[in-house]
Amino acid sequence: MAGRQCLATEKSTATTSREQGNYHFVRNIPIDKEYDVIIAGGGPAGIGAALSAARSGYNVLIIEAMGCLGGMGTSGLVTAFDPMANGEEMLVGGIMYEIVMKMYKRGFLGPDEKPEIFTKHYHHWTAFQGEGYKLLLDELVQEAGIEVRFFTRVIDADVDTTRKRVNGVIQQNIEGLRYVKAKTFIDCTGDAVLADLCGVTCREAGKDSPRIMPATLCSIFANIDYPNAAHVYNNNPLLLQAIKDGHFTYTDRHLPGIFKVGETVGYLNGGHLFGLNALNCESLSKGMMLGRKIAREYLTFYQKYVPGYEKIEHATTASLMGVRESRRILGEYELKYDDYATKRKFPDQIALFNKAVDIHPYNDSEEEYKRHIKEYEQTARLKPGESFGIPYSILVPQGWDNLWVAGRCASSDVRVHGSIRVQPAACMMGQAAGTAAAQSIKTGQPACDLNTETLIETLRIAGAKLPQEKLSAKMTRI
Ligand SMILES: Cc1cc2nc3c(=O)[nH]c(=O)nc-3n(C[C@H](O)[C@H](O)[C@H](O)COP(=O)(O)OP(=O)(O)OC[C@H]3O[C@@H](n4cnc5c(N)ncnc54)[C@H](O)[C@@H]3O)c2cc1C
């Protein structure tokens, strides 16, 4: 897709034109105030980006399609943080660490979660309460003076394609369309929506790769008798019995299970939506309906088959589809599985991580389930005490001046994406992108030629755990 250009007039209106088949559409759009940094998407990546840029002294706008911050962790009901430590030490610092510690102190984590566990244990998921997380994020952005527009979507971009610069975005909400300008832009939409509108080269699941990792519509359940509850997950005999009885739409043996988020409350990560294409609205819409039907099947499965869940009630399904894979940018560097497997460290690494490469089964056959388990057990995990680096260069679309892309849609191959797409890594990438945007405004350095030695030093001061001894002014490109 080619980048688009809007023509702002002196009368505070903008004119945008686009070709839709044979239909030529022109309209005047009012111009809003200007910002230093605009962030599209207020998930963990957007939060990390917004807080770091605002705390550096810049005025920041978050444009968020839903009615709360947190992204998949709140609107998507994915109420657990993926592993933050490697069995020996905490890898996650900075804003993500601040958030999880504040949540612990406020009683917003699951009742069994403790710092001595989530800052040390190998492959430990930290369950949390979505409402507490929403409240804390509201407070943090307000304290930092960040402006937020909920129920607002970025729907178009005004781009100087020659200089690879974004001038402004078109947002849509109850007030209609607005043209909003900024000095810098960070795409944290999970789906690389802004990058795609700008004409950045992207990889799309199902188009540039033959398969799409399945989505899951997550749920919250109540009234679980945890002291007497059986732990049911992958290939459990109770699950296999229910599959044999024809209980489910899919013969899906892969069940991550229910995570304890309250004394009787659990978050279900279960029920894959095979083949769902999150970049196709019809597929997404049908997926929401099928997801709700399947969530009900899990409710009755737990009630009928699993001890401790006889009185379980279904509180709600998510309002945001749990998308694992959709669109990723092609960045200055594309992080590869080899980098992960060899525990590669980078001079410009902005985070260290250890989490497994988690590629869910692509269909509900037994054969595919076995493929998944074999891969997960044999090649997908680093050992305790190990880690790999996430370089700055995966946040920068090739050659771009004032655009960064953080979180699930950063630049990586599909396998390592199965590790870094999760909330703690997204937040650390966001913090790096927000810090980079601030540095760029201050120094005039473009995103694609930012001094990464300065960036790493700033991130260290902000609490990021970046032990690399050798720094480099230039980012990693090979
Ligand atoms: C079923 C499932 C289970 C998972 N389990 C875990 C887990 O246990 N632990 C873990 O840490 N991670 C887990 N993950 C991964 C994780 O939740 C996400 O990958 C992570 O939240 C990505 O962060 P992000 O900030 O990049 O995007 P998101 O969290 O997806 O946030 C993107 C935000 O952008 C907004 N947005 C999108 N388009 C626009 C637009 N055009 N304009 C304005 N706003 C827009 C969205 O509304 C959303 O709020 C899971 C994912 C799935 C699907």
Side-chain angles (χ1 to χ4, degrees), residues 38-50 61-84 92 96 100 118 123-128 133-134 137 148-157 169-173 186-197 213-219 254 256-257 259 261 267-273 276 278-279 287 291 317-328 353 355 358 360 395 405-410 417-431 433:
I38 285 181
I39 291 156
I47 289 296
L61 171 70
I62 299 178
I63 301 176
E64 168 52 51
M66 308 296 282
C68 62
L69 299 168
M72 212 65 92
T74 53
S75 303
L77 297 181
V78 174
T79 57
F81 296 126
D82 258 65
M84 293 177 279
V92 172
M96 184 67 221
V100 73
F118 62 75
H123 268 222
H124 172 78
W125 269 251
T126 305
F128 63 84
Y133 187 32
K134 284 181 198 171
L137 296 180
V148 179
R149 296 290 175 272
F150 286 137
F151 308 116
T152 305
R153 274 188 179 273
V154 170
I155 59 159
D156 213 336
V169 293
I170 311 282
Q171 65 174 39
Q172 184 275 329
N173 61 24
I186 308 177
D187 183 340
C188 300
T189 59
D191 297 321
V193 173
L194 174 57
D196 182 56
L197 289 168
M213 221 204 304
T216 295
L217 188 66
C218 295
S219 283
H254 184 248
F259 295 72
V261 300
Y267 131 62
L268 173 72
N269 178 352
H272 292 100
L273 298 163
L276 182 145
L279 301 177
T317 50
S319 40
L320 190 65
M321 173 56 76
V323 174
R324 292 191 173 84
E325 192 190 358
S326 57
R327 189 193 283 124
R328 305 185 300 281
F353 214 46
K355 198 237 159 175
D358 191 8
H360 288 228
L395 310 177
V405 180
R408 182 160 62 82
C409 43
H417 174 255
S419 168
I420 64 171
R421 66 187 166 83
V422 299
Q423 297 175 76
C427 189
M428 293 191 287
M429 288 188 251
Q431 180 167 3

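This one's a predicted model, so the numbers in the text were calculated from it and none came from an experiment. Atoms within a ligand are numbered from 1 in the order they appear, just like the ligands themselves.
Backbone and side-chain nitrogen or oxygen atoms of A80 are examined, and one is located within less than 3.5 angstrom of a nitrogen or oxygen of ligand 1. Geometrically, ligand 1 and V154 share a nitrogen or oxygen pair separated by less than 3.5 Å. Ligand 1 has a nitrogen or oxygen under 3.5 angstrom from a nitrogen or oxygen of Q423.
Of the protein's heavy atoms, G190 CA, 4.0 Å lies nearest to atom 27 (O) of ligand 1. For atom 3 (C) of ligand 1, the nearest protein heavy atom (residue, atom name, distance) is N269 ND2, 3.4 Å. The protein non-hydrogen atom at the shortest distance from atom 9 (N) of ligand 1 is D82 OD1, 2.4 Å. The nearest protein atom to atom 1 (C) of ligand 1, hydrogens excluded, is given as R324 NH2, 3.2 Å; this is a heavy-atom distance. Protein heavy atom at the shortest distance from atom 45 (C) of ligand 1 is A65 CB, 3.8 Å. Of the protein's heavy atoms, M72 CB, 3.3 Å lies nearest to atom 21 (O) of ligand 1. Nearest protein heavy-atom neighbour of atom 34 (O) of ligand 1: G41 CA, 3.2 Å. Counting protein heavy atoms only, atom 37 (C) of ligand 1 is closest to T189 O, 3.5 Å.
With a heavy-atom cut-off of 4.0 Å, V193 touches ligand 1 through its side chain alone. Proximity of V323 to ligand 1, defined as any heavy-atom pair under 4.0 Å, is confined to the backbone N, CA, C and O atoms. Contacts with ligand 1 closer than 4.0 Å are made by no heavy atom of F128, backbone or side chain. Heavy atoms of C218 found under 4.0 angstrom from ligand 1 belong exclusively to the side chain. When heavy-atom distances to ligand 1 are checked against a 4.0 Å cut-off, W125 comes that close only through its side chain, counted from C-beta outward. Here A426 has side-chain heavy atoms under 4.0 Å from ligand 1, and that is the only part of it that gets that close. Contact annotation for V78 and ligand 1: only side-chain heavy atoms (C-beta onward) come within less than 4.0 Å of the ligand.
Less than 4.0 angstrom separates some heavy atom of V422 from each of these atoms of ligand 1: 10 (C), 11 (O), 12 (N), 15 (C). The ligand atoms of ligand 1 that sit less than 4.0 angstrom from a heavy atom of Y267 are 3 (C), 5 (N), 8 (O). Short contacts between ligand 1 and C188, defined as distances under 4.0 Å to a heavy atom of the residue, involve ligand atoms 32 (C), 33 (C), 34 (O). With ligand atoms numbered from 1 in the order given, ligand 1 contributes 26 (O) to contacts under 4.0 Å with heavy atoms of G407. The contact set between ligand 1 and P424, taken as ligand atoms under 4.0 Å from a residue heavy atom, comprises 11 (O). Of all atoms in ligand 1, numbered sequentially from 1 with element shown, those under 4.0 Å from a heavy atom of G71 are 29 (O), 31 (O), 48 (C), 49 (O). Listed by atom number, the atoms of ligand 1 under 4.0 Å from G43 heavy atoms are 25 (O), 31 (O), 33 (C). Listed by atom number, the atoms of ligand 1 under 4.0 Å from I63 heavy atoms are 43 (C), 44 (N).
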Checking M84 against M428 for the side-chain contact (heavy atoms from CB on, under 4.5 Å) test, could you report, in this order, the C-alpha distance in whole Å, the side-chain angles of both residues, the deciding distance, and whether it holds? CA-CA 11 Å; M84 293 177 279; M428 293 191 287; over 6 Å; no
Would you check, one step at a time, whether the test side-chain contact (heavy atoms from CB on, under 4.5 Å) holds for F259 with T79? CA-CA 8 Å; F259 295 72; T79 57; 5.9 Å; no
As a quick check of understanding, evaluate side-chain contact (heavy atoms from CB on, under 4.5 Å) for T74 and M66, giving each step before the final call. CA-CA 10 Å; T74 53; M66 308 296 282; over 6 Å; no
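To the nearest 0.5 Å, atoms CE (M213) and NE2 (H417) are separated by 6.5 Å. Here the CZ-CG distance, from R324 to L273, works out to 9.0 Å after rounding to the nearest 0.5 Å. With values rounded to the nearest 0.5 angstrom, H272 atom NE2 is found 12.5 Å from L217 atom CG. Distance check: L279 CG to D196 CG gives 8.0 Å after rounding to the nearest 0.5 Å.
For the pair P83 and H123, the minimum side-chain heavy-atom distance is below 4.5 Å. Residues V193 and R153 are not in side-chain contact: their nearest non-hydrogen atoms beyond the backbone lie 4.5 Å or more apart.
When all heavy atoms of I62 and G42 are compared, the closest pair comes out as CG2-CA, 3.9 Å. Nearest heavy atom pair, residue C218 against residue G76, reads CB-O, 3.5 Å. The two residues P424 and F353 make their nearest non-hydrogen contact at CB-CE1, 4.0 Å. Nearest heavy-atom pair, L276 versus A215, reported as atom, atom and distance to 0.1 Å: CD2-CB, 4.2 Å.
Using 4.0 Å as the threshold, L194 has no heavy atom nearer than that to any atom of ligand 1. The shortest heavy-atom distance from G73 to ligand 1 is not under 4.0 Å. In this structure, S75 falls outside the shell of residues with a heavy atom less than 4.0 angstrom from ligand 1.
Just one residue in the list I170, T189, V169 forms a side chain to side chain contact (heavy atoms under 4.5 Å, CB included) with V154, and that residue is V169. Evaluated for a ring-ring contact (aromatic ring centres under 6.0 Å, His included) with F81, the options Y133, W125, F118 yield exactly one hit, Y133. Among the candidates I47, V100, T126, V78, the single residue satisfying the side chain to side chain contact (heavy atoms under 4.5 Å, CB included) test with Q423 is V78.
A donor-acceptor pair is defined here as one N or O able to donate and one able to accept, closer than 3.5 Å; such a pair exists between the side chain of R327 and the backbone of D191.
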